[in-house]
Amino acid sequence: MIEFFLNGQHRRLAAAPDTSVLELLRGPLAQRGTKEGCASGDCGACTVAIARPDGDGSFAYRTLNACITPAHQLQGTHLVTVDGLARGDALHPAQSSMVACHGSQCGFCTPGIVMSLFALHEQQRALPHQVLDNHRLEAALGGNLCRCTGYRPIRDAALSMGERSDTRPPWAEDPTLERAVRDLSPAVAVEDQSGYLTPTTLAELTTAMQRHPEARLVAGATDLWLEVTQRLAQFETLIDLRQVEELRQLEEVADGWWVGAAVTYREWEPLLKTHYPAFAHLLTRLGSAQIRNRATVGGNIANASPIGDTPPVLLTLDARVRLAGPDGMRELPLDAFFLDYKQTALAPGECIAAIFLPRPGDGHEQRVWKLSKRREDDISTLLGAFRWRLQEGVLQDVRVAYGGMAAIPLRVRAVEAALEGKAPDEQAFAAARRALQQSLTPMSDARGSRDYRATAAANLLERWRLTLARAELDEPTQEVTLDAYAH
Ligand SMILES: Cc1cc2nc3c(=O)[nH]c(=O)nc-3n(C[C@H](O)[C@H](O)[C@H](O)COP(=O)(O)OP(=O)(O)OC[C@H]3O[C@@H](n4cnc5c(N)ncnc54)[C@H](O)[C@@H]3O)c2cc1C
Ligand code: FES
Ligand code: FES
């Protein structure tokens with residue numbers, strides 16, 4: 001049974017483990033304002049918002065793609081859909097501004113866009129002094145595609161929400177709602193008959209995995225659920241990782257941080273912003289707000305895609321993974337985790353429990369460059385990650401890793417060796433490019449040909465050299481930093 005609130009109304013209903021939120025909405029719940037476009041998390045037409053009590057006591061509304069979210073993850077939440085915003089004939093500002101700014105034509109994308117605007121409006125209400133700049137607008141709307149209206153009127157609608165009458169949805173004025181949601185259990189019983197298991201401790205998780213060796217693990221479901229919607233897979237048993245206490249922790253230790261495998265990108269971002277700004281910036285280009293609100297770093301690593309964004313960056317940081325299984329825990333360098341295309345060092349019955357992110361050393365610097373066809377909400381064609389420190393004019397502790405250049409994300413040790421202990425001059429980088437050519441033969445696919453990838457990967461090395469040359473001349477480096485790349 002799943003127990004939650006929908007637009008202020010209590011709901012309790014059963015669903016098969018592989019039912020999505022969208023199926024539940026458009027089927028038994030008859031909330032058909034929410035649309036299905038791509039069924040793969042890309043278009044945003046199915047965007048809805050949920051609030052769940054967070055560990056820090058907050059209760060914020062965050063967007064998600066209903067098409068790729070397991071219905072069972074609604075347990076203990078308040079789900080808001082486009083059908084729940086208006087108060088009678090009085091439209092919510094997210095709706096009235098779309099009407100006033102002519103932000104809709106065929107209307108198919110509109111319910112999703114309205115929900116992204118609703119979440120943005122809620123953020124503005126919470127922090128009214130926060131400037132609604134391009135960056136925040138893009139972050140709020142980057143997961144919503146519109147094929148006919150064009151984005152200017154939608155952008156205008158976002159900017160003008162604050163000028164509209166602030167009509168609150170009926171449920172927003174129910175003082176008992178938040179308490180009632182908090183009173184719901186966040187997890188159904190681990191041996192619930194539904195086939196959707198939600199262990200809350202690592203011990204329960206490993207036991208569930210032993211009892212159900214056929215079960216698939218699910219965290220944010222932003223990779224897994226594509227197997228349901230695109231390949232029509234059916235899952236009879238799923239084990240949800242998101243309530244497992246040990247997997248949700250972000251623990252600071254003397255030499256770094258243990259990041260629980262079920263920590264989402266949104267939750268991880270503040271730490272990265274402070275200590276690894278180039279990595280944090282990459283997150284702004286990883287999926288969309290809907291994806292980042294739910295997707296986890298553990299899922300990114302376990303999925304072992306050659307074009308996953310975080311593995312190359314983590315490889316340059318000498319990250320380690322902690323694996324949990326029936327015989328306890330073991331640790332290994334991330335470098336030893338990826339074995340071959342989609343094959344990892346995980347043994348049967350094991351999962352990733354946490355990722356260790358070492359504290360940046362003195363003088364360590366990092367650059368990360370992601371190349372993709374679209375800036376927002378697109379998977380990498382190629383990603384280059386570079387870390388180093390300059391000591392007395394020579395490169396030390398050089399780490400170079402790429403995604404999209406081989407069957408697995410990997411460090412290119414020959415390139416690192418060509419640069420280690422060298423001045424960052426043209427000669428050293430020419431040797432590094434030769435080493436890159438000799439080490440890797442990239443794949444060709446719909447995203448990029450082998451030649452494109454080989455050339456682009458070498459060009460990223462040159463970009464890195466130019467970054468260093470400019471720093472030496474004490475020139476501003478904006479044009480070659482990630483921030484500049486984002487515009
Ligand atoms: C629209 C869209 C855009 C995307 N954009 C990007 C992008 O820009 N860059 C990028 O890298 N990825 C992108 N992705 C892919 C996806 O969002 C990421 O890989 C994400 O980090 C997966 O995390 P998750 O929690 O959703 O994993 P899930 O889908 O829940 O799980 C993924 C796989 O890992 C397994 N798994 C999950 N957690 C664990 C664990 N702790 N231990 C063992 N196995 C585990 C699951 O069984 C499953 O096989 C995108 C996906 C979508 C739908
Ligand atoms: S239907 Fe396109 S993101 Fe869900
Ligand atoms: S209004 Fe037609 S897709 Fe956006």
| message | Do Tyr196 and Asp240 make a side-chain contact, defined as non-hydrogen atoms from C-beta onward lying under 4.5 Å apart? | response | yes
| query | Taking it one step at a time, do Thr47 and Asn65 satisfy side chain to side chain contact (heavy atoms under 4.5 Å, CB included)? | reply | CA-CA 5 Å; Thr47 302; Asn65 303 109; 4.3 Å; yes
| message | To the closest 0.5 Å, what do you measure between OG1 (Thr237) and CE (Met209)? | response | 13.0 Å
| message | Please determine whether the number of non-hydrogen atoms from other residues, nucleotides or ligands lying under 6.0 Å from atom OH of Tyr341 exceeds 12. | response | no
| remark: Interatomic distance, CE@Met405 vs CG@Leu383, rounded to 0.5 Å, equals 11.5 Å
| task | Determine whether more than 12 heavy atoms belonging to other residues, nucleotides or ligands lie under 6.0 Å from atom CD of Gln427. | result | no
| note | Residues Leu419 and Ala428: closest non-hydrogen pair is CD2-O, 3.7 Å
| field | Flag if over 12 foreign heavy atoms under 6.0 Å of CZ, Arg231 | value | no
| query | Cut-off 3.5 Å, side chains only: do Thr467 and Arg367 have a donor facing an acceptor? | reply | no
| query | Is Glu462 paired with Arg465 through a side-chain N to carboxylate O contact shorter than 4.0 Å? | reply | yes
| message | I'd like to know if the side chain of Gln290 reaches the main chain of Thr63, judged simply by a donor and an acceptor atom lying under 3.5 Å from each other, with no hydrogens or angles considered. | response | no
| said: Would you say CZ of Arg152 has more than 12 non-hydrogen atoms from neighbouring residues, nucleotides or ligands within 6.0 angstrom? | reply: no
| said: Checking the side chain of Thr77 only, and the main-chain atoms of Ile50 only, is there a donor and an acceptor separated by less than 3.5 Å? | reply: no
| query | Quick one: are Leu272 and Leu282 in side-chain contact, heavy atoms under 4.5 Å? | reply | no
| Judged by atom type as modelled, is there a donor-acceptor pair below 3.5 Å linking the side chain of Asp397 to the main-chain atoms of Arg389? | no
| How are the rings of Phe356 and Trp258 set relative to one another: parallel (under 30°), tilted (30 to 60°) or perpendicular (over 60°)? | tilted
| said: Any side-chain to backbone donor/acceptor pair from Glu350 onto Gly325? Under 3.5 Å, distance only. | reply: no
| Is it true that atom CD of Gln230 has more than 12 heavy atoms of other residues, nucleotides or ligands lying nearer than 6.0 Å? | yes
| field | Shortest non-hydrogen contact from Ser372 toward Arg285 | value | OG-NH2, 2.9 Å
| field | Under 3.5 Å donor-acceptor, Arg387 side chain and Gln366 backbone | value | no
| message | Working note: Trp225 + Thr69, criterion side chain to side chain contact (heavy atoms under 4.5 Å, CB included); need CA distance, chi angles, decisive distance, verdict. | response | CA-CA 7 Å; Trp225 223 256; Thr69 300; over 6 Å; no
| note | Distance col, row Phe337:CZ vs Ile408:CD1, nearest 0.5 angstrom, shows 11.0 Å
| Does one side chain, of Ser305 or Asn303, offer a donor that lies under 3.5 Å from an acceptor on the other? | no
| Side-chain donor or acceptor of Arg453 paired with backbone N/O of Thr381 under 3.5 Å | yes
| Between Asn293 and Leu64, is there a donor-acceptor pair closer than 3.5 Å when you use the side chain of the first and the backbone of the second? | no
| Pro199 versus Ile239: any side-chain heavy-atom pair under 4.5 Å? | yes
| message | In terms of relative ring orientation, are Phe386 and Tyr402 parallel, tilted or perpendicular, with 30° and 60° separating the classes? | response | perpendicular
| said: Under the side chain to side chain donor-acceptor pair (under 3.5 Å) test against Asn300, which residue among Thr310, Asp223, Thr222, Asp309 passes? | reply: Thr310
| query | Step by step, would you call Ile291 with Ile68 a side chain to side chain contact (heavy atoms under 4.5 Å, CB included)? | reply | CA-CA 10 Å; Ile291 297 292; Ile68 55 167; 4.1 Å; yes
| Shortest non-hydrogen contact from Ala157 to Leu117? | CB-CD1, 4.4 Å
| request: State, to 0.1 Å, how close Ile379 and Lys370 come at their nearest heavy-atom pair, and which atoms those are. | output: C-CE, 4.2 Å
| request: Please lay out, stage by stage, how Gln123 and Leu127 fare under the test side chain to side chain contact (heavy atoms under 4.5 Å, CB included). | output: CA-CA 6 Å; Gln123 281 172 26; Leu127 296 167; over 6 Å; no
| So do the side chains of Cys146 and Ile154 get within less than 4.5 Å of each other, counting heavy atoms only? | yes
| query | Under 4.0 Å between a Lys/Arg side-chain N and an Asp/Glu carboxylate O for Arg399 and Asp335? | reply | no
| field | Leu247 and Ile352, any side-chain heavy atoms less than 4.5 Å apart | value | no
| Do Asp18 and Arg216 sit within salt-bridge range, that is, some charged N less than 4.0 Å from a carboxylate O? | no
| Hey, is CD on Glu426 packed in by over 12 heavy atoms from elsewhere, all under 6.0 Å? | no
| field | Minimum heavy-atom distance between Pro424 and Leu395, given as atom pair plus value | value | CB-CD1, 4.0 Å
| Any idea which heavy atoms bring Phe59 and Pro53 closest together, and the distance? | CD1-N, 3.8 Å
| Should Leu314 and Leu357 count as side-chain neighbours, where that means a heavy-atom distance under 4.5 Å? | yes
| query | Just by distance, do the side chain of Gln75 and the backbone of Ser185 share a donor-acceptor pair under 3.5 Å? | reply | yes
| note | Interatomic distance, CG@Leu332 vs OG1@Thr344, rounded to 0.5 Å, equals 9.5 Å
| task | Compare all side-chain heavy atoms of Asp318 with those of Arg411 and state whether any distance is below 4.5 angstrom. | result | yes
| message | If you count every heavy atom of other residues, nucleotides or ligands that lies below 6.0 Å from Arg359 atom CZ, does the total exceed 12? | response | yes
| Thr284 (side chain) donor-acceptor with Ala280 (main chain) under 3.5 angstrom | no
| Ring-ring centroid check Tyr276 Trp268, cutoff 6.0 Å | no
| query | With side chains defined as the heavy atoms from C-beta onward, is the minimum distance between His364 and Thr316 less than 4.5 Å? | reply | no
| said: Would you compute the distance between atom CG of Leu371 and atom CG of Asp378 and round it to the nearest 0.5 angstrom? | reply: 11.0 Å
| request: Measure the SG-CG distance between Cys46 and Asn144 for me, rounded to the nearest 0.5 Å. | output: 9.0 Å
| Taking it one step at a time, do Glu138 and Arg375 satisfy salt bridge (Lys or Arg N to Asp or Glu O under 4.0 Å)? | CA-CA 10 Å; Glu138 285 175 10; Arg375 181 153 54 91; 3.1 Å; yes
| Chi angles and distances behind the side-chain hydrogen bond (donor to acceptor under 3.5 Å, both in side chains) call for Ser40, Asp42 | CA-CA 6 Å; Ser40 59; Asp42 284 300; 3.0 Å; yes
| message | Is it true that, when you exclude Lys342 itself, more than 12 heavy atoms of the residues, nucleotides or ligands shown sit nearer than 6.0 Å to its NZ? | response | yes
| request: Return yes if a side-chain donor-acceptor contact under 3.5 Å exists between Arg136 and Gln124, otherwise no. | output: yes
| request: Say whether, by atom type as modelled, one donor and one acceptor occur between the side chain of Glu267 and the main chain of Thr264 under 3.5 angstrom. | output: yes
